[in-house]
Amino acid sequence: MKKYGIDQGLPRPDAHAKVTGKARYVNDYHPPKMLIGGIVGSPVASGRIKSIDVSEARRVPGIHAVLTADDLPGPNSMGIIYDDQPVLVKDRVRMVGDRLVLIAGETREAVEEAKRRVKVDIEPLPGLYDVTRALDPDAPVVNGDSNLIREFKVIHGDVESAAHDAEITISGEYHIGGQEHAYLEPQGTLAFPEADGSWTVYVTAQCPFYVRAAVARFLKLPISMVHVVQTVTGGGFGGKEDYPNEPAVCAAALAKVTGRPVKLIYARDYDMQVTTKRHPMVIRHTLHARRDGKVVGVDLEILVDAGAYAGLSTVVAERANISSVGPYEIPNIRVSTKVLYTNNLFGGPYRGFGAPQVAAAHESQMDRLASALGMDPFEVRRINGVSREHPMFASGENLPQAHIYPELLDRLEELSGWKQYRNQPASSGRYREGIGIGTIIYGVNLHSGGQRLDRSAAYIIVQQDGSVNVAVGVTEMGQGALAAMRTMAARALGISEDLIYVTQVDTNQVPDSGPTVASRATVSGGRAILDAVSKLRPRFLEVAADMLGVSPGALDLRDGVFSTSDGSALVSWPEVTAEYYVRRLNPAVVGWFRSPDREYDHDTGQGRAYMFYAFAGHAVRVRVDTETGKVDVLDVTAVHDVGRVISEVGIEGQVHGGVIQGLGWALLEEFRMKEGRMLNAGFTDYLIPTAMDAPADIKMYFIEDPEPQGPFGAKGIGEPSFISVGAAVMNAVYHALGTEVDILPLTPENVWRLMNRSAGNNAAREDEK
Amino acid sequence: MKNVEKFIRPTNISELLEARAKEENNILLAGGTSLIFSKDASVRTIIDMSEVNELKNIEFSDGKLKLGAMVTMTQLRHRSDLPVAIRNAALSVASTPIRNVVTVGGEVMRGVYWNDLPVALMALDAVAVFASTTGERAMPLEEVFSLHPTKTIRPDEVLTRVELTDYMRPAAFHKFSKTATDYAIASIAFSARSFEGSTVREPKVVVGAVTPLPRRLNDVERLLSEKGESALEELETLFSGFKTRPDFRVSAEYQRNLMIVGIRRLFRAARDGGEE
Ligand SMILES: Cc1cc2nc3c(=O)[nH]c(=O)nc-3n(C[C@H](O)[C@H](O)[C@H](O)COP(=O)(O)OP(=O)(O)OC[C@H]3O[C@@H](n4cnc5c(N)ncnc54)[C@H](O)[C@@H]3O)c2cc1C
């Protein structure tokens, strides 16, 4: 029996096609006369181009276009916020894989042959691979005139005086690794010119409206002439937020030059090397507290490794910046978040948007404080956490939902078996067990800085047979958005879910609805649906009332039947929709959502950062092999403040996925880098957890305290399901070993080094490179 | 293999050996899991061994255990009458779908550092049997791996089986890796003739992945023979100068640590008769 949800228990509408292999991904489309696209990328991370010779490549049979920067049919500019990235590099190479040449040909073989025949001569330049050196006077400047792209701050109270008055100070420098999205479907686009001068672009993407804007800008076309269709998308996790603009513009360039459809699909190794990643961060965190456990100040410096181009790094950093304090009311705060260029991998959005990295630091610091004071980690969190009495977030806002955090702590403590495991950790022989927690606050929806995009549409058409088409502007990328939209539309209308068909995003069907990111799909798509239904429903009630000879106010529509409260008059939904059409009434409506305006001071990080907030907490139990450093996860407990569950299987899927992806990040996923090159680009060496590596048990609990601004009270779950997992793993290992943990991922060798470091064993230093 | 012209599928050993002897520039196809990556343009003929049923047997005869070259890892895994070290090594190979096709012959002849099965086989003194139209010859695996196995086999030969005597002696195998399907960072096998108290007779220690091919560690074996269990606490010095195969995934000291930890564990596992 299901415990949660307002859905009718149907299978997801996209499930059958995906499971049976019938779903059509972008690579499954083969329009007539289609050409295959390819990219020649730079083999080095930093250098000056001396020459690019494409004459041999152009001679390969079956090749239709070989483009260098000089041959581009549009502006050579790609940056989404800063104009710092070209479509094709002309002089200075800044990252491995930087695009040099675009090729289109009849077959993949011809394109590969042409790629091999491109001759590039690049003079290597010193590169910057260590983000902590980015602002050194002698560091190579990677892009523009400084490696500092932007700095964000939180200034609240007076941290200097807090430091002065503090009875205990805890400092740590955390080196938190990045992460590859590892979506199963790589990046890909199919772009083609239509006979009437308009363009169609098929793309695997989270944000089709971004792709449309980028292609229209490149082709110098009105937005209305570019039609972007989101094909079935095999995973995104943030990696298909802004990045798909790049292959889309490349394919459009080749299609423009050749006049033919061009499909560009990334190979896995190239995809891993060049596409955006979770940012590696270095976080210097100093916490000032009193002996009674009260934190009086935090002082943070966060270095965000953006790679060679800004992309959306500043947007990610803005969230990291304000999230870095955690779910605590702390009177004195100083945060400086610096977004820095390097020649490393390209940083970008990834589930949690910078919040997981900073959570790793703030939660480790809380546990160190607890340990220094001989307190239980829950106790320090109860002392410092936001609550009804202490509702203030780092932004200075008083949170209406602050009372949920103490409840979350209680649930997490209870469900995880904390008291038993914390006080009697089982250890036998070489194994040590530990349990740790991580808790977070997450601003659902876009940050104030991005609020101009915070809007969403739903277009609903009721058909004469009672079936309903719903088009929304938020995307399905595997997370279950189509199912959630279907449930909310059915529930709001009062009809059966199987009458509702929700389409994937097609930019010609709905107005620009912003990006599908920031755990906002359910909230913003749902609110747009509710708005549409609120306009449609009265129209049908009126017709039904007329048919029954009662007043519309006396009728309700539920389970597909219009009836009066005493049940004396009944008419079915399809009878009414049929009559509605006979009366030639308007059966369609566009629903709209816009988030409330927010005031926020970017110099101090004070103001209203987000529309509303959600809390989450994870407890992780581990067993560490003290001889090899291998960490096994015994079980995980997740407690989420979700407002209202829409679908139980849907939310469980998100929690399972978030936990396992979080464990992958925390324990396995590591960039092995050499001068900007990812040595482990591919699934053989970039390891993500398999089913066999997943913990036997993931326990979960959902706090349902309806959010007034969410549809049916719902908040978002996509990112909170991930964010505190890494922090909890760090604290669990800290508990198991008694060794301070300041690094992620905790691969076996990294754990082994931590143990040796604390044992003062100097042998455990890298002795060869 | 873009110049392949012929694909043949013999149904018995003599047809197989015949084809092997006479087809120009042929290559043997076993499970195919590594063959598919071959870029060898000189290959003209592929000889598929999937229908040679004589190569798929697991036999106990003449006091020996004989593993046919086309026996798969899945078969080994499910045979409870086989030595635990061999079953564990078979289970260590990749994932279920890959184990369903990877063969004993492919594991031995591929000669790549992550091959798990040969590590266990070598610790049990396995002998490779090569056949050709002119007859059979037997060669201890240790000798097969003194060079790359493709250099120890003659072009007209086929590895038909691997033979083990005294196969039920105490032995254990362990693979160190990060996930269930990851390839080895280190794989280690141990066997001994017998244990008496804290002493051990004829210990054999073989490592893989930390070396380019499976390698016996004679120094370690000698120390164990001399000092028995107490030698396990002296391994650090033996390994301090050990030159490992550079591995971009881990450092050399971590590789050495895994060898030391592995030998200690496997010695005790073999002695106590349990799985590691
Ligand atoms: C993703 C993946 C992960 C893997 N992980 C592991 C792992 O963790 N551990 C592990 O041990 N292995 C692993 N393998 C398997 C390993 O890499 C080889 O692919 C495998 O050992 C080859 O066996 P096969 O039967 O498929 O041989 P094939 O690919 O058919 O042949 C391999 C070579 O051996 C030759 N050959 C085969 N049989 C004979 C014979 N009877 N006589 C003479 N020559 C012969 C072939 O001609 C060829 O040159 C993995 C493979 C893959 C694809």
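Residue numbers begin at 1 in each chain, while the letters A, B, ... track the order of the sequences. Only heavy atoms go into these numbers, but all of them, side chains included; no hydrogens, no water, no symmetry mates.
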* Residue pair A:Glu749 / B:Ser251: nearest heavy atoms and the distance that separates them -> OE2-OG, 2.5 Å
* Structure fact -> When the 4.5 angstrom heavy-atom criterion is applied to A:Asn750 and chain B, the contacting part is neither
* More than 12 non-hydrogen atoms from neighbouring residues, nucleotides or ligands closer than 6.0 Å to CZ on B:Arg245, yes or no? -> yes
* Check ion pair A:Glu627-B:Arg264 (N to O, under 4.0 angstrom) -> no
* Structure fact -> Max heavy-atom pairs within cutoff under 4.5 Å with chain B, candidates A:Asp685, A:Thr747, A:Asn680, A:Ile688, goes to A:Asp685
* Between B:Thr96 and chain A, which part of the residue has a heavy atom less than 4.5 Å away: side chain, backbone, both or neither? -> neither
* Contact class of A:Thr628 relative to chain B, heavy atoms under 4.5 angstrom -> both
* Asked: Within a radius of less than 6.0 Å around NZ of A:Lys674, do more than 12 heavy atoms belonging to other residues, nucleotides or ligands occur?
  -> no
* Determine whether A:Leu687 and B:Arg249 make a side-chain contact, defined as any pair of heavy atoms from C-beta on separated by less than 4.5 Å. => no
* To do: For A:Lys115, look at atom NZ and say whether over 12 heavy atoms of other residues, nucleotides or ligands are found less than 6.0 Å away.
  => yes
* **A:Lys630 versus B:Lys178, closest heavy-atom pair with distance** => CE-O, 3.8 Å
* Asked: Nearest heavy-atom pair of A:Asp693 and B:Ala180: which atoms, and what distance?
  -> OD1-N, 2.9 Å
* Structure fact -> Greatest number of non-hydrogen atom pairs under 4.5 angstrom with chain A, of B:Asp182, B:Leu258, B:Ile260, B:Ile185, falls to B:Asp182
